[in-house]
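Convention: sequence-line order gives letters A, B, ...; per-chain numbering from 1.
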Protein chains: 2
Amino acid sequence: MRPNKRDELVRKSLQVFYRDGFHATGMDKLVVETGVSKTSMYKHFRTKEELILAALRLRDETFREDFLSRIQELADTPAGQLLASFDVLREWFQQEEYRGCLFIKAGAEYQEGDHPIHKQSAEHKQIMLDYLTDLARRAGARDPEHLACRIQLLQEGAIVTAVFLKSCEPAQEARAVAQVLLDSALA
Amino acid sequence: MRPNKRDELVRKSLQVFYRDGFHATGMDKLVVETGVSKTSMYKHFRTKEELILAALRLRDETFREDFLSRIQELADTPAGQLLASFDVLREWFQQEEYRGCLFIKAGAEYQEGDHPIHKQSAEHKQIMLDYLTDLARRAGARDPEHLACRIQLLQEGAIVTAVFLKSCEPAQEARAVAQVLLDSALA
DNA sequence: GAAAAGATTTACCGATCTGTAAACCTTGGA
DNA sequence: TCCAAGGTTTACAGATCGGTAAATCTTTTC
């Protein structure tokens with residue numbers, strides 16, 4: 001049980017969950033894809049739910065890290081970064097493997113508000129909102145919470161719409177709206 | 001096999017699919033909930049997929065009917081109706097049984113773009129977009145397609161955000177943004 | 001009222017689901 | 001070299017998955 005073995009299992013499982021969904025992915029499939037045996041899998045994770053939670057945690061970390069660092073590459077002012085977030089979304093939508101937001105999907109498959117998987121997905125969205133609020137505040141927006149909430153609305157809308165349209169256009173549309181909101185909040 | 005029996009089965013199945021999800025709902029559960037036998041179920045629907053498609057079709061019909069008629073109750077000008085759509089969303093979010101958009105969830109559980117369930121969900125979104133485009137055109141918007149696309153972004157964003165926040169606030173936020181877009185498109 | 005036709009039920013199939021018990025390596029220490 | 005510890009495998013359990021064959025019940029038709 002090397003310490004990095006568990007991480008490796010989580011990493012691979014995350015890919016499969018994202019590609020095929022949670023209920024549609026059985027532990028047997030994961031066992032085949034990871035090349036490990038079933039019992040070994042259950043030594044690392046007591047239940048499938050625990051594995052899903054670990055996968056969500058990893059996704060939360062890597063997504064935020066990639067998202068934030070890419071935003072910072074594209075712009076160096078808070079206001080510019082708020083707008084740049086939509087450019088990063090556009091890059092994401094263009095990826096071949098884009099299949100929407102894992103947390104939206106997790107929240108959809110586990111809908112009860114008190115379910116651990118649902119709660120952890122909601123937490124991720126809250127953290128993202130907090131980040132946007134911070135940016136809005138540092139940008140000098142009149143009402144940072146409000147602006148951030150509306151920016152997030154646009155982001156979620158773009159993420160969902162891009163799935164059905166199979167296009168990255170929603171990101172550009174959302175960006176244009178965000179620009180209007182930003183101008184008005186800074187005026 | 002009364003002609004209305006099939007509709008009854010679809011109606012009840014739709015409820016369960018919406019509440020529990022598609023993969024998480026087995027045919028056995030539906031058989032229990034509808035009080036009909038398994039073979040009877042499979043006489044009406046050759047496969048589970050066919051039942052899901054029927055449920056989505058019913059939801060598409062009833063949702064659009066309810067949505068549009070409620071909008072028309074609330075406003076009588078195209079511009080007013082575009083805004084009123086967010087008030088209708090707010091009412092929807094307030095319902096105890098609100099669990100997000102069935103088509104977003106269907107698209108999330110069946111992600112392959114050529115899957116019938118995914119395609120039918122995408123179709124619903126396209127029809128809704130066409131409706132918004134029509135409203136925007138009749139409202140005299142400068143670029144109806146653009147405005148409609150952005151209004152839809154806001155709607156999808158509100159629908160998703162309302163699930164995690166368990167609040168109807170996103171509808172009001174989205175409405176405020178839509179107001180800005182509308183003013184600018186009509187100026 | 002009998003028989004054909006159609007709808008419904010019971011009982012089951014093989015596959016797959018999450019999860020586990022017991023045997024089987026593999027490795028580190030004395 | 002032997003043994004203990006612990007990770008890994010095979011093999012399987014019990015439940016549930018989507019789906020069906022054959023028997024039973026209900027209705028229609030003559």
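Comparing dT8(C), dT9(D), dG19(C) against the side chain of Ser37(A) picks out dT9(D) as the nearest. Between dT18(C), dT8(C), dT9(D), one nucleotide has an atom nearer to the side chain of Val36(A) than all others, and that is dT9(D). Listed nucleotides dT8(D), dG19(C), dG18(D) differ in distance to Tyr42(B); the shortest reach to its side chain belongs to dG18(D).
Nearest-nucleotide positions on DNA chain C for Lys29(A) and Thr39(A) put Lys29(A) closer to the 5' end. Judged by closest nucleotide on DNA chain D, Ser40(A) is the one of Asp28(A) and Ser40(A) placed further toward the 5' end.
Atom CE in Met41(A) sits roughly 15 Å away from atom P in dT20(C) (whole-Å rounding). One interatomic measurement links the two molecules: NZ of Lys43(A) to C1' of dT20(C), which rounds to 9 Å at whole-angstrom precision. Summarising the geometry, the separation between CE on Met27(A) and P on dT16(D) is reported as 18 Å, rounded to the nearest angstrom. Rounding to whole angstrom units, CG of residue Asp20(A) and P of dC17(C) are separated by 11 Å. Rounded to whole angstrom, the span from the CZ atom of Arg6(B) across to the C1' atom of dG6(C) amounts to 18 Å. Between Phe22(B) atom CZ and dC17(D) atom P there is a gap of 16 Å when expressed in whole angstrom units. Note: NE2 (His44(A)) to C1' (dG7(D)) measures 8 Å, nearest angstrom. In this structure, Phe45(A) places its CZ atom 15 Å from P of dT18(C), rounding to the nearest Å.
Salt bridge Arg70(B)/Glu73(B): present, at least one basic N to carboxylate O contact under 4.0 Å. Ionic pairing of Arg19(A) and Glu112(B) is not present here: no N-O contact between side-chain nitrogen and carboxylate oxygen is shorter than 4.0 angstrom.
At a cut-off of 3.5 Å, with distance as the only test, no side-chain donor of Gln72(A) or Asp76(A) sits close to an acceptor on the other residue. Checking Lys105(B) against Gln111(A) by side-chain atom types alone, a donor-acceptor pair falls below 3.5 Å. Between the side chains of Gln152(A) and Thr161(B), no donor-acceptor pair of N or O atoms lies under 3.5 Å.
In this model, the phosphate group of dT18(C) is approached by a side-chain N or O of Lys48(A) to a distance below 4.0 Å at OP1 or OP2.
A donor-acceptor contact under 3.5 Å links the side chain of Lys38(A) to the base of dG19(C).
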